[in-house]
Amino acid sequence: EPEVTQTPSHQVTQMGQEVILRCVPISNHLYFYWYRQILGQKVEFLVSFYNNEISEKSEIFDDQFSVERPDGSNFTLKIRSTKLEDSAMYFCASSAQGAAGANVLTFGAGSRLTVL
Amino acid sequence: DQQVKQNSPSLSVQEGRISILNCDYTNSMFDYFLWYKKYPAEGPTFLISISSIKDKNEDGRFTVFLNKSAKHLSLHIVPSQPGDSAVYFCAASEHGTASKLTFGTGTRLQVTL
(Lines give C-alpha, C1' and ligand atoms only; values in the text may rest on other atoms or scores of the structure.)
Protein backbone atom coordinates (compact mmCIF):
# COMPACT_ATOMS: atom_id res chain seq x y z
CA GLU A 1 0.00 0.00 0.00
CA PRO A 2 1.40 3.45 -0.90
CA GLU A 3 2.68 5.42 2.04
CA VAL A 4 4.02 8.81 2.99
CA THR A 5 7.63 8.62 4.14
CA GLN A 6 9.20 11.10 6.54
CA THR A 7 12.80 11.67 7.56
CA PRO A 8 14.32 11.97 10.05
CA SER A 9 12.18 10.07 12.51
CA HIS A 10 13.73 12.03 15.36
CA GLN A 11 15.89 15.16 15.35
CA VAL A 12 17.41 16.93 18.31
CA THR A 13 18.60 20.48 17.75
CA GLN A 14 19.75 23.50 19.67
CA MET A 15 17.53 26.54 19.97
CA GLY A 16 18.18 28.97 17.13
CA GLN A 17 19.33 26.32 14.68
CA GLU A 18 17.70 25.67 11.33
CA VAL A 19 15.90 22.40 10.80
CA ILE A 20 14.64 20.78 7.62
CA LEU A 21 12.10 17.98 7.83
CA ARG A 22 11.65 15.89 4.73
CA CYS A 23 8.70 14.05 3.30
CA VAL A 24 8.07 11.89 0.26
CA PRO A 25 4.35 12.03 -0.47
CA ILE A 26 2.43 9.36 -2.33
CA SER A 27 3.54 9.60 -5.94
CA ASN A 28 0.25 10.44 -7.65
CA HIS A 29 -0.95 12.84 -4.97
CA LEU A 30 -1.12 16.52 -5.77
CA TYR A 31 -1.86 18.12 -2.40
CA PHE A 32 0.63 18.20 0.45
CA TYR A 33 0.31 19.18 4.07
CA TRP A 34 2.20 19.63 7.30
CA TYR A 35 0.56 19.15 10.67
CA ARG A 36 2.13 19.04 14.10
CA GLN A 37 1.29 17.63 17.50
CA ILE A 38 2.86 19.05 20.61
CA LEU A 39 3.12 16.37 23.29
CA GLY A 40 -0.23 15.89 25.01
CA GLN A 41 -2.04 18.26 22.68
CA LYS A 42 -4.12 17.91 19.55
CA VAL A 43 -2.89 17.57 16.00
CA GLU A 44 -2.75 21.06 14.47
CA PHE A 45 -2.79 22.17 10.85
CA LEU A 46 0.25 24.11 9.69
CA VAL A 47 0.13 24.46 5.94
CA SER A 48 -1.21 23.03 2.70
CA PHE A 49 0.57 23.14 -0.63
CA TYR A 50 -0.66 22.67 -4.17
CA ASN A 51 0.75 23.48 -7.57
CA ASN A 52 4.01 24.73 -6.08
CA GLU A 53 2.45 27.25 -3.80
CA ILE A 54 0.91 27.49 -0.36
CA SER A 55 -2.87 27.19 -0.56
CA GLU A 56 -3.64 27.64 3.14
CA LYS A 57 -1.67 28.24 6.30
CA SER A 58 -2.45 28.58 9.97
CA GLU A 59 -1.43 31.25 12.45
CA ILE A 60 1.29 28.90 13.67
CA PHE A 61 2.96 28.99 10.26
CA ASP A 62 4.79 32.28 10.68
CA ASP A 63 7.86 33.67 8.92
CA GLN A 64 10.09 31.14 10.65
CA PHE A 65 8.46 28.35 8.65
CA SER A 66 8.69 27.63 4.96
CA VAL A 67 7.81 24.75 2.69
CA GLU A 68 9.26 23.67 -0.59
CA ARG A 69 8.90 20.99 -3.19
CA PRO A 70 12.46 21.00 -4.48
CA ASP A 71 11.93 18.17 -6.96
CA GLY A 72 9.20 15.85 -8.16
CA SER A 73 9.19 13.68 -5.10
CA ASN A 74 10.20 15.57 -1.94
CA PHE A 75 8.25 18.03 0.17
CA THR A 76 10.14 19.82 2.92
CA LEU A 77 9.34 21.90 5.97
CA LYS A 78 12.05 24.31 7.10
CA ILE A 79 12.15 26.02 10.46
CA ARG A 80 14.67 28.84 10.20
CA SER A 81 15.48 29.49 13.84
CA THR A 82 14.01 26.90 16.14
CA LYS A 83 12.44 27.78 19.48
CA LEU A 84 11.78 25.56 22.46
CA GLU A 85 8.05 25.62 21.67
CA ASP A 86 8.71 24.13 18.23
CA SER A 87 9.34 20.80 19.91
CA ALA A 88 6.62 18.54 18.55
CA MET A 89 5.84 15.64 16.27
CA TYR A 90 5.55 16.93 12.73
CA PHE A 91 3.32 14.98 10.37
CA CYS A 92 3.45 15.25 6.61
CA ALA A 93 0.35 14.25 4.66
CA SER A 94 -0.74 14.08 1.07
CA SER A 95 -3.99 13.67 -0.80
CA ALA A 96 -5.13 13.05 -4.34
CA GLN A 97 -7.61 15.89 -4.23
CA GLY A 98 -8.04 19.01 -2.16
CA ALA A 99 -11.68 18.69 -1.23
CA ALA A 100 -12.07 16.85 2.06
CA GLY A 101 -15.47 15.65 1.00
CA ALA A 102 -14.05 13.62 -1.82
CA ASN A 103 -10.69 12.94 -0.43
CA VAL A 104 -8.71 11.62 2.48
CA LEU A 105 -5.33 12.67 3.82
CA THR A 106 -2.68 9.99 4.14
CA PHE A 107 -0.26 10.79 6.94
CA GLY A 108 3.34 9.81 7.41
CA ALA A 109 4.65 8.35 10.66
CA GLY A 110 5.97 11.72 11.76
CA SER A 111 9.26 13.41 12.58
CA ARG A 112 9.83 14.13 16.23
CA LEU A 113 11.65 17.42 16.74
CA THR A 114 13.24 18.15 20.08
CA VAL A 115 14.61 21.66 20.60
CA LEU A 116 17.02 22.06 23.52
CA ASP B 1 -9.81 27.47 20.61
CA GLN B 2 -11.41 24.05 20.89
CA GLN B 3 -13.68 23.85 17.89
CA VAL B 4 -13.59 20.06 18.03
CA LYS B 5 -13.82 18.42 21.44
CA GLN B 6 -13.40 14.87 22.56
CA ASN B 7 -14.28 14.99 26.20
CA SER B 8 -13.28 11.45 27.07
CA PRO B 9 -9.50 11.09 27.08
CA SER B 10 -9.77 7.34 27.49
CA LEU B 11 -12.19 4.46 27.18
CA SER B 12 -11.89 0.81 28.11
CA VAL B 13 -14.15 -1.79 26.50
CA GLN B 14 -14.25 -5.57 26.62
CA GLU B 15 -13.56 -7.50 23.46
CA GLY B 16 -16.77 -8.21 21.57
CA ARG B 17 -18.66 -5.31 23.10
CA ILE B 18 -19.51 -2.01 21.46
CA SER B 19 -17.12 0.96 21.67
CA ILE B 20 -18.70 4.39 21.40
CA LEU B 21 -16.42 7.37 20.95
CA ASN B 22 -17.92 10.83 21.06
CA CYS B 23 -17.03 14.15 19.51
CA ASP B 24 -18.60 17.59 19.78
CA TYR B 25 -17.96 20.61 17.62
CA THR B 26 -18.79 24.27 17.88
CA ASN B 27 -18.15 25.58 14.36
CA SER B 28 -21.40 25.46 12.37
CA MET B 29 -19.39 25.90 9.15
CA PHE B 30 -17.95 22.41 9.44
CA ASP B 31 -19.47 20.24 6.75
CA TYR B 32 -17.25 17.18 6.65
CA PHE B 33 -16.16 14.98 9.51
CA LEU B 34 -13.58 12.25 9.73
CA TRP B 35 -12.28 9.76 12.24
CA TYR B 36 -8.62 8.86 12.30
CA LYS B 37 -6.96 6.12 14.29
CA LYS B 38 -3.42 6.39 15.57
CA TYR B 39 -1.09 3.72 16.88
CA PRO B 40 2.09 4.66 18.77
CA ALA B 41 4.98 5.68 16.51
CA GLU B 42 2.68 5.89 13.49
CA GLY B 43 0.80 8.68 11.80
CA PRO B 44 -2.97 9.02 11.94
CA THR B 45 -4.76 6.55 9.67
CA PHE B 46 -8.09 7.36 8.08
CA LEU B 47 -10.95 5.27 9.38
CA ILE B 48 -14.31 6.63 8.23
CA SER B 49 -15.92 9.93 7.26
CA ILE B 50 -19.30 11.54 6.94
CA SER B 51 -20.65 14.51 5.05
CA SER B 52 -23.01 16.93 6.75
CA ILE B 53 -25.76 15.93 4.33
CA LYS B 54 -25.89 12.50 5.94
CA ASP B 55 -26.59 11.35 9.47
CA LYS B 56 -25.00 7.93 9.29
CA ASN B 57 -22.21 6.19 7.46
CA GLU B 58 -21.26 2.58 7.91
CA ASP B 59 -18.17 0.64 6.94
CA GLY B 60 -17.94 -2.87 8.27
CA ARG B 61 -17.60 -2.77 12.05
CA PHE B 62 -17.41 1.02 12.06
CA THR B 63 -20.38 3.39 11.97
CA VAL B 64 -20.31 7.14 12.34
CA PHE B 65 -23.42 9.02 13.39
CA LEU B 66 -23.84 12.76 12.93
CA ASN B 67 -26.37 14.89 14.82
CA LYS B 68 -26.09 18.34 13.26
CA SER B 69 -28.57 20.01 15.56
CA ALA B 70 -26.57 18.88 18.59
CA LYS B 71 -23.24 19.41 16.80
CA HIS B 72 -22.29 15.93 17.87
CA LEU B 73 -20.87 12.90 16.18
CA SER B 74 -20.02 9.47 17.42
CA LEU B 75 -18.05 6.49 16.22
CA HIS B 76 -19.39 3.04 17.00
CA ILE B 77 -17.16 0.00 16.75
CA VAL B 78 -18.90 -3.32 17.03
CA PRO B 79 -17.71 -5.84 17.88
CA SER B 80 -14.59 -4.32 19.42
CA GLN B 81 -11.34 -6.21 18.90
CA PRO B 82 -7.99 -5.96 20.73
CA GLY B 83 -6.43 -4.58 17.53
CA ASP B 84 -8.76 -1.61 17.79
CA SER B 85 -6.78 -0.37 20.80
CA ALA B 86 -5.42 3.00 19.64
CA VAL B 87 -6.00 6.72 19.94
CA TYR B 88 -9.00 7.89 17.92
CA PHE B 89 -9.14 11.43 16.61
CA CYS B 90 -12.22 13.20 15.40
CA ALA B 91 -11.54 15.82 12.70
CA ALA B 92 -13.62 18.31 10.77
CA SER B 93 -13.29 20.67 7.85
CA GLU B 94 -15.18 23.63 6.49
CA HIS B 95 -16.44 23.89 2.96
CA GLY B 96 -13.91 25.96 1.07
CA THR B 97 -11.06 25.15 3.43
CA ALA B 98 -11.08 21.48 2.71
CA SER B 99 -7.35 21.01 3.14
CA LYS B 100 -7.41 22.21 6.72
CA LEU B 101 -8.57 19.59 9.18
CA THR B 102 -9.34 20.64 12.73
CA PHE B 103 -8.65 17.78 15.10
CA GLY B 104 -9.94 16.91 18.52
CA THR B 105 -7.59 15.92 21.32
CA GLY B 106 -8.21 12.23 20.86
CA THR B 107 -9.65 9.36 22.88
CA ARG B 108 -7.46 6.43 23.83
CA LEU B 109 -9.44 3.22 23.38
CA GLN B 110 -8.31 0.07 25.11
CA VAL B 111 -10.04 -3.15 24.19
CA THR B 112 -9.49 -5.76 26.85
CA LEU B 113 -9.74 -9.51 26.57
Side-chain angles (χ1 to χ4, degrees), chain A residues 1-6 9-10 21 23-26 29-51 53-61 67 89-112, chain B residues 1-10 23-27 29-54 57 59 62 64 66 73 86-108:
Chain A
E1 186 173 329
E3 60 180 23
V4 174
T5 306
Q6 291 186 243
S9 56
H10 188 192
L21 305 178
C23 171
V24 179
I26 293 174
H29 283 185
L30 301 176
Y31 296 80
F32 315 112
Y33 315 86
W34 285 100
Y35 284 75
R36 79 172 186 190
Q37 185 181 25
I38 294 171
L39 188 63
Q41 298 186 23
K42 60 183 180 178
V43 177
E44 301 174 290
F45 170 79
L46 292 179
V47 66
S48 60
F49 191 86
Y50 169 71
N51 200 26
E53 61 182 27
I54 290 173
S55 47
E56 288 183 78
K57 62 181 181 179
S58 71
E59 296 169 352
I60 303 167
F61 195 88
V67 289
M89 181 72 89
Y90 287 81
F91 293 105
C92 175
S94 67
S95 64
Q97 302 173 50
N103 173 55
V104 162
L105 274 62
T106 301
F107 285 85
S111 292
R112 180 170 297 285
Chain B
D1 175 19
Q2 289 197 50
Q3 296 187 66
V4 178
K5 301 178 194 177
Q6 293 177 257
N7 291 319
S8 298
S10 64
C23 178
D24 297 293
Y25 62 96
T26 56
N27 186 344
M29 299 299 290
F30 286 148
D31 66 349
Y32 199 73
F33 304 89
L34 308 91
W35 285 93
Y36 277 82
K37 179 170 74 172
K38 186 181 180 304
Y39 293 116
E42 294 184 14
T45 303
F46 171 75
L47 197 55
I48 192 169
S49 63
I50 188 166
S51 162
S52 61
I53 62 173
K54 295 186 174 182
N57 189 27
D59 184 2
F62 302 93
V64 56
L66 175 62
L73 63 154
V87 178
Y88 288 78
F89 292 99
C90 172
S93 69
E94 293 181 35
H95 181 73
T97 60
S99 65
K100 177 184 173 184
L101 294 180
T102 300
F103 281 85
T105 50
T107 296
R108 182 177 301 279

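What you see is a predicted model, and the numbers here were worked out from it, not measured in a lab. Every chain is numbered from 1 and lettered A, B, ... according to where its sequence line falls, protein lines coming before strand lines.
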*Asks:* Considering only heavy atoms and a distance below 4.5 Å, find which of B:F46, B:Y39, B:F33 pairs most often with chain A.
*Replies:* B:F46
*Asks:* Drop me the distance from A:E44's CD to B:L101's CG, to the nearest 0.5 angstrom.
*Replies:* 13.0 Å
*Asks:* Kindly indicate whether the side chain of B:K5, heavy atoms from C-beta on, has any atom under 4.5 Å from the side chain of A:K42.
*Replies:* no
*Asks:* Rounded to the nearest 0.5 Å, how far apart are NZ of B:K38 and CZ of A:F91?
*Replies:* 4.5 Å
*Asks:* Side chain of B:Y36, backbone of A:L105: donor and acceptor closer than 3.5 Å?
*Replies:* yes
*Asks:* With a 4.5 angstrom heavy-atom cut-off, could you sort out which part of A:Q37 is near chain B: side chain, backbone, both or neither?
*Replies:* side chain
*Asks:* Before you tell me yes or no, could you show the steps for A:Y35 and B:F103 under ring pair (Phe, Tyr, Trp, His ring centres under 6.0 Å), namely the whole-Å CA-CA distance, both residues' side-chain angles and the distance that decides it to 0.1 Å?
*Replies:* CA-CA 10 Å; A:Y35 284 75; B:F103 281 85; 5.7 Å; yes
*Asks:* Measuring from atom OG of A:S58 to atom NZ of B:K100, what distance do you get when rounded to the nearest 0.5 angstrom?
*Replies:* 7.0 Å
*Asks:* Among A:A109, A:A93, A:G110, which residue forms the greatest number of heavy-atom pairs with chain B at distances under 4.5 Å?
*Replies:* A:A109
